[in-house]
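Below is one structure; the comments refer to it alone.
Since this is a predicted model, take the numbers as computed values, not measurements. Chain letters run A, B, ... following the sequence lines, proteins first and then strands; every chain starts at 1. Basis for what follows: all heavy atoms, side chains included, without hydrogens, waters or symmetry-related copies.
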Amino acid sequence: MALEGQYFSGMHGEGVRVRIRKVGPSLEIAALERSAAAPRLAPVPIADIEIEPPLAGMARHLRLPGGAVLEMEDTPELSSWFQHTGRLERFANWLEAHWPVAIGSLIVTAAASWGIYVYVLPQAAKTLAYAMPQSWQNDIAEGSTKVLRQIGFFESNIPLERQIAIREAFAPMVQALPDPERYQLEFRNAPLFGPNAFALPGGRMVLLDDLVELTDENDEIIGVLAHELGHAYHRHPLRNALQSGFLSIIVAVTLGDASGLASLPIVGLQATYTRNFEKEADVFAIEAMQRANISPAALARMFEKLRDSVGVNGDSETWLSSHPAINDRIRAADEAAREDQSSER
Amino acid sequence: MANETDATTGAAQGDPAPEASAGSVDNPYATPQLPLYPLSFDGKGSEYFRIWIVNIALSVITIGIYSAWATVRTRRYFYGKTTLDGSPFQFTAKPIPILVGRIIALVLFLIYTFLLQYNIAWGLIYLAVVILPLAPWMIMKSLQFRARYTAWRNIPFGFTGGYWQAVVAYILVPLALIPTLGIIIPEVWKASAKYQFGNLTYGTQHSSFTKKAKGFWNTYGILVLLTIAGYFAVIALGVAAYFAVTALGIDMADGDVEGNPLFGLVLLPLYVPFFVIAFWVKGRLFNASLGNTKFGDEAAPILLQPTLPCWRYAWVLFTNLVLVVLTLGIFWPWAKVREVRYKTNHLAVASALPLAFEASGDAGDVGAAGAEMSGDFGFDSSLF
């Protein structure tokens, strides 16, 4: 049986209609029209022909030795001549041709993405964060502190006695952990960042003057430090950088040119990660305070002061929020405090 | 025996007969009295959806490895569904080199992120010493790659733009934005378009870009006026939104306006004009870039004739965006097909001679690394 197609020599951009006949292991190509470009070809062994894998029933291009191309309709007959080649893409073509497969792919994609997002990425980031040598983590923290100094972090103005008092009250909490020397506390003045405290990779924690000045109660400061210690203990800063970075890369690779549209959803997905870290750090803080015989109510009071000084909506938590709603966090700390009281009685 | 009635791809060649160029008002780039060969695109959203979702599923399952095959199949689909003078375009690149290019790009990116985390100064030095000089090279390689692996009637395109031209177009001209306070943005557009479209080859034909290219400065002028008008519209809408919110009984005195999801919803329409204007600019730049490109010489010019109606194009893109967001991305394949169809069906080639060209004879492989690394640079006037 013979098929028809168009022959493009590659020398001249004019097509010649040809008839193609399979004779044994070769194809015989004969011109159907008189033309200067008409090929006079010896039979071409099928094994020497490179055929474009099938795609959506479009015309297929057969590259002959020497660079000429045959453009042919994608028929079962043609496919049967090339059963030996391109198995992977023939399978892909079969998948693409069936609606149930498409629906299945949608489900697989959704399930796999969910699994990667909820389990694989956090787990991979955790494993990496715990495998990273302490010296690297310290170097990272060193690099970040240098930058912090440049962008407006100054020596603390908190009186030395108060700094020492806070350090002394905080020390037992740190000493209770394995590797206590990992954790270091720095006092800094950074008016641009408001009342705040944060943890850096490697176990360093930074406490800002504005936050210390919100309260005279050192227990309340210890509450915040316990929260940051939770971040440091669980290596949240490093894990967060790793898993958010992986997430962006994966989205960019899978979506390709559509990834521009995904930037807001990515922020949302990353926010869920940080909210989980915040919750974990709060749980750690409450437990650490209970062990140190400090009522978690101090943490709740500190949160209230923070809320009122910054003027945020205490109940606000959207899918883009990096932190859980602060009123929920206050409630959790207060509840823990009340349970302590009732168990003492 | 041969089935003579089968409509083969061969039957279409030379048909349909070229239309005469209109040279009408809605096509400022048209040159009269040249036969027109329109491009056409007949991809289908439902077809591309299946290719797209299978691509994504296989890419996810193979942790990204299949993405190289996915890229090739996507490109092949869009190229193959685009026909000129009865013949489809061909995307001839192979997946493996693309995969290798992608891995190189990923490694470079990981080094950068790592250095940035590790030490911000090193990261910036790396950016200045490695990435910045590499960027024009990547753009050049990317354009070489795209052209080299695009063929029509078995004759590949080529790209002859050099490294220093890319440095001028993508670093020096944009740097001039700083002393001129951004006023020369049209020159940045023009430099990029000139580099991309003035250095193409097809067989023995070489493209050139009009010296005093039309369409860039006036687009900018209209853009400035529209943006000013847009701000006024936004202020008006903002006031309306305020009254709407107060009318709904939400107390704004708390200073908690942003926290209220209702207010965000009311604010959403304020972004609409700016999206539409940005899409309109995209259409204008498509017309200006392709409309100033020609092949051949004075005796036998071959011109590209874009006739994209820019406001309608902006509407297509805007409704696409809305539908993609509302369907959580599922509409994306339909949106893409709809956009490409709209662009392709408003593009033609005008040529005195029939579209049959001689090959140039030199052919070489271009690595995919540059193409993969640069991805999207600036605006993209390509069809796909």
Side-chain angles (χ1 to χ4, degrees), chain A residues 1-6 8-15 17-19 32 52 55-56 58-59 61 67-69 71-73 88-89 92 95-99 101-102 105-106 108-109 112-113 116 136 139-140 142-144 146-147 241 245 249-250 253-254 256-258 261 311-313 316 318, chain B residues 1-2 6-11 13 47 49-51 53-54 56-61 64 67 69-71 73-74 76-77 80-81 87-88 90 102 106 109 113 117-122 152-155 203 254-256 259 261 321 324-325 329-330 332 336 355-359 361 375-376:
Chain A
M1 180 158 161
L3 298 175
E4 277 185 28
Q6 250 193 120
F8 294 101
S9 66
M11 305 292 161
H12 189 79
E14 198 182 338
R17 286 179 60 210
V18 291
R19 176 174 296 161
L32 282 173
E52 232 175 16
L55 175 62
M58 298 192 306
H61 294 92
V69 159
E71 189 177 295
M72 297 173 71
E73 216 187 323
L88 172 73
E89 296 208 64
L95 294 175
E96 290 160 4
H98 294 87
W99 273 105
V101 176
S105 297
L106 199 60
V108 165
T109 303
S113 309
I116 287 170
W136 290 23
D139 285 347
I140 294 171
E142 199 59 54
S144 346
K146 260 185 212 151
V147 176
I249 293 173
I250 289 174
V253 168
T254 43
D257 55 355
L261 280 177
V312 293
N313 176 352
S316 162
T318 68
Chain B
M1 56 162 276
D6 260 359
T8 65
T9 47
Q13 208 213 344
E47 208 165 46
F49 169 77
R50 297 195 303 263
I51 296 170
I53 193 65
V54 167
I56 292 181
L58 291 179
S59 297
V60 169
I61 291 171
S67 67
W69 278 260
T71 301
R73 290 186 78 74
T74 303
R76 273 188 54 210
Y77 181 76
K81 289 288 182 185
S87 291
Q90 274 176 274
R102 213 158 262 191
L106 186 66
F109 177 75
T113 2
Q117 290 280 326
Y118 197 69
N119 185 318
I120 214 162
W122 287 9
W152 184 68
R153 293 186 173 165
N154 196 23
I155 294 180
D254 286 351
D256 175 37
L321 176 68
V324 167
V325 170
I330 305 287
W332 169 255
K336 179 86 179 160
L355 299 183
F357 303 101
E358 299 296 326
D376 275 331

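- No side-chain heavy atom of V108(A) sits less than 4.5 Å from a side-chain heavy atom of V60(B).
- Of the two parts of M58(A), only the side chain, counted from C-beta on, holds a non-hydrogen atom closer than 4.5 Å to a non-hydrogen atom of chain B.
- Taking chain B as the reference chain and counting heavy-atom pairs below 4.5 Å, the highest number among A102(A), A112(A), S105(A), A92(A) is found for S105(A).
- Residue contact with chain B, scored on non-hydrogen atoms closer than 4.5 Å, involves the backbone of A97(A) exclusively.
- The aromatic ring centroids of W152(B) and F8(A) lie 6.0 Å or more from each other.
- To the nearest 0.5 angstrom, F357(B) atom CZ is 9.5 Å from H12(A) atom NE2.
- Per-residue counts of heavy-atom pairs under 4.5 Å with chain A were compared for L355(B), I51(B), I155(B); the largest is that of I51(B).
- The shortest side-chain heavy-atom distance between Q90(B) and E52(A) falls under the 4.5 Å cut-off.
- A pairwise comparison of heavy atoms in A56(A) and K81(B) identifies O-NZ, 4.5 Å as the closest pair.
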Applying side chain to side chain contact (heavy atoms under 4.5 Å, CB included), run through R153(B) and Q6(A) and close with a yes or a no. CA-CA 9 Å; R153(B) 293 186 173 165; Q6(A) 250 193 120; 5.8 Å; no
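- Of all heavy-atom pairs between L55(A) and Y77(B), the closest is CD2-N, 3.5 Å.
- Between chain A and the options G203(B), A70(B), A57(B), G80(B), heavy-atom pairs under 4.5 Å are most frequent for A57(B).
- When all heavy atoms of E96(A) and R50(B) are compared, the closest pair comes out as O-NE, 2.8 Å.
- Counting only distance, with no hydrogens or angles, the side chain of N154(B) and the backbone of G67(A) share a donor-acceptor pair below 3.5 Å.
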